[in-house]
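Written out below as C-alpha cells is the structure these notes cover.
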Amino acid sequence: VGGGGGRYRHWTNFMLSIREHCKGPLNQEKRIRVSQPLTRGPSAFIPEKEVMQANGLNERTNLLVEEYSTSGRLDNITQVMSLHSQYLESFLRSQFYMLRMDGPLPLPYRHYIAIMAAARHQCSYLVNMHVDEFLKTGGIAEWLNGLEYIPQRLKNLNEINKLLAHRPWLITKEHIQKLVKTGENNWSLPELVHAVVLLAHYHALASFVFGSGINPERDPDTSNGFRLIAVNKFCVCDLANDNNIENASLTSSNFGFVDSLSELEALMERMKRLQEEKEEEEASQEEMATRFEKEKKESLLVVTGADTFCSSVPNAAFDDEIVSTSDVSRYVEDPGFGYKDFARRGEEHLPTFRAQDYTWENHGFSLVNRLYSDIGHLLDEKFRMVYNLTYNTMATHEGVDTTMLRRALFNYVHCMFGIRYDDYDYGEVNQLLERSLKVYIKTVTCYPERTTKRMYDSYWRQFKHSEKVHVNLLLMEARMQAELLYALRAITRHLT
C-alpha cells in the first residue's frame, strides 16, 4: 500500500483493504493504492486469516514497517514475518541498513547484487522487487538485459555468488585475492564484505520465500519495460518422492505414528527423555564426533524434490500469468551449478568446518563489523533473536522449553554445510527431526525453488502455521550464518 510519500500510515486500513468489499471506499476516501494479488493472501501455504489475525499486527508493527519501509508497499514477506513481530523488527532494521544506509557500495549496486543472488534460486519474487528498486535508485536500465551488460567488477562476483549459494565450503582465500587484487576492476575489502552480506542475505531470503509459499504480488504501476509479474514456480506436480514423504513419517520404525496427534506426543516424549539422559550422563568427545559423522552421512539419504527432477510446473493459482525461467536466467552464470552434499561419496578430502576454530561470536562478528561498520551488531541481534525466540508452546501444549528443538533445527542446517559444533550431540537431530521434516529442511535450505506445499504440510501436522514460519526463520538465519562463516573465514585467511 502506497500513499503519503510511500510510507505505511494505516496498518489497520491495509488489513481491511485486502478484503474485496473495502477496496472501493479505501481508494476513494483514503487515497490508498491497493495491490491486486494473483491469489488471496500473502502465502500459498498459509490461510489468509491466519496471517491477518496474528497478534503481531498491532500499532508497534505498524511503526516498524513505516520506519523501515524500502518498497513503498506492505509486501507479502513482511506480512508473513509479522507472525513474529519481535523478529520482524530485527529483520527490517538489518535489511534497511544494508540497502539504504551509508555503506561501501552505491545503492544501485546493492540492488543488482540482490538480483544476482535471488536469481541463483530462480526467485522471481525477489528479482522483480529489486529490479524496481534498482531503477528507482538510479540504476542503468541496460544492465537489466543480463549479465553481459554489467560492468566487469560486478561480473567478477559471479563465482563467489554461485559458491556461496550452493557450496560455500569451496570458497578459499584465492577467491578473495582474485577479487581484491590491484587493478581496474578490483574490490576493496569493505566493498566485498558488503557484497557478501547482501549475497548471503538474499540467498537465505529466497529460502524463506519458497519455504513459506510467498505469493507473487501484482503491481498496477508497471511503468518500466523490465517489470516481470512475478511467478515463483512452486512445483506442485506429483513428485515420486512426495507420496513417500508422508508415508515415511507414518511408517518409519523410528517413529511409528498413526496420526499427527500421536506424532506430537511422541516428539514431546523424546524431548523429555533426551533431557533426562543429558542430565544423567554426557557423551564423550569421541562419541560426539562419531554421531556428527553419522548424521552428516545420513543427510545424503534424505531425498528432496530436487533429486527427483521435474519441470517447473506453476501452481494452478498462477495459471493466468506464466513467466518462463529465462526471465531470471539472464542474471545467472553457470545455471547448472547447484548444491551437492558436503559428505558425498568419494570426496572425503573436504575437511569438516569445526565451529570452535572460526565462530561467528569470536571471529566473524568482529571482522564484518570492522570492515562494514555496525552491520555485525545488526546481524548478531538478528541471529540471537531467531535462535532464542520462543513462546514456550508446542502446538496445543504450553509451558514447553523448546530450546532443544530450536538448536536441532539450526545445527542440522549447519551439518549439511559441513559445520560441526564439538559441544553438540548430533544424536539429538535424529531423535527430534522426523524424516519428512528433514526432507523439508534440506529442500528449503539447499534447493528452495523445489519446495512444495505437500512438503510443508507433511511435517508437524498438529503445529500452528506461526510455528512453521518460525522454523523457516531458523532455517533462513542458519543458512545465512553458514555462508558468512565460510566467506569471512576465507577473508581472514587472505588477511593473514
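We count residues from 1, following the sequence as given.
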Ion pair present between K438 and E434, side-chain N to carboxylate O less than 4.0 angstrom? no
Hey, is CZ on R384 packed in by over 12 heavy atoms from elsewhere, all under 6.0 Å? no
Single hit among Y424, F383, F417, Y387 for ring pair (Phe, Tyr, Trp, His ring centres under 6.0 Å) with F410: Y387
Contacts of type side-chain hydrogen bond (donor to acceptor under 3.5 Å, both in side chains), residue H201, not counting sequence neighbours: Q95
Under the rule for ring-ring contact (aromatic ring centres under 6.0 Å, His included), what residues qualify as partners of F463, not counting sequence neighbours? W460
Using 30° and 60° as the class limits, which term best fits the ring planes of H363 and Y358: parallel, tilted or perpendicular? parallel
Heavy-atom check, side chain of T402 versus side chain of N392, under 4.5 Å: no
Regarding K382 and the six-membered ring of Y87, is the cationic atom NZ or CZ under 6.0 Å from the ring centre and inside 45° of its axis? no
Answer yes or no on whether R167 is positioned over the face of F337, meaning its NZ or CZ is under 6.0 Å from the six-membered ring centre and within 45° of the axis. yes
Using only heavy-atom distances, determine whether the side chains of S212 and S43 contain a donor-acceptor pair under 3.5 Å. no
Could you tell me which non-hydrogen atom of H166 sits nearest to which non-hydrogen atom of H121, and how far apart they are? CE1-CE1, 3.8 Å
If we ignore angles and hydrogens, is there a donor and acceptor under 3.5 Å between the side chains of H397 and E265? yes
Return the orientation label for the Y456 and H465 ring planes: parallel under 30°, perpendicular over 60°, tilted otherwise. parallel
Charged N-O contact under 4.0 Å between R93 and E89: yes
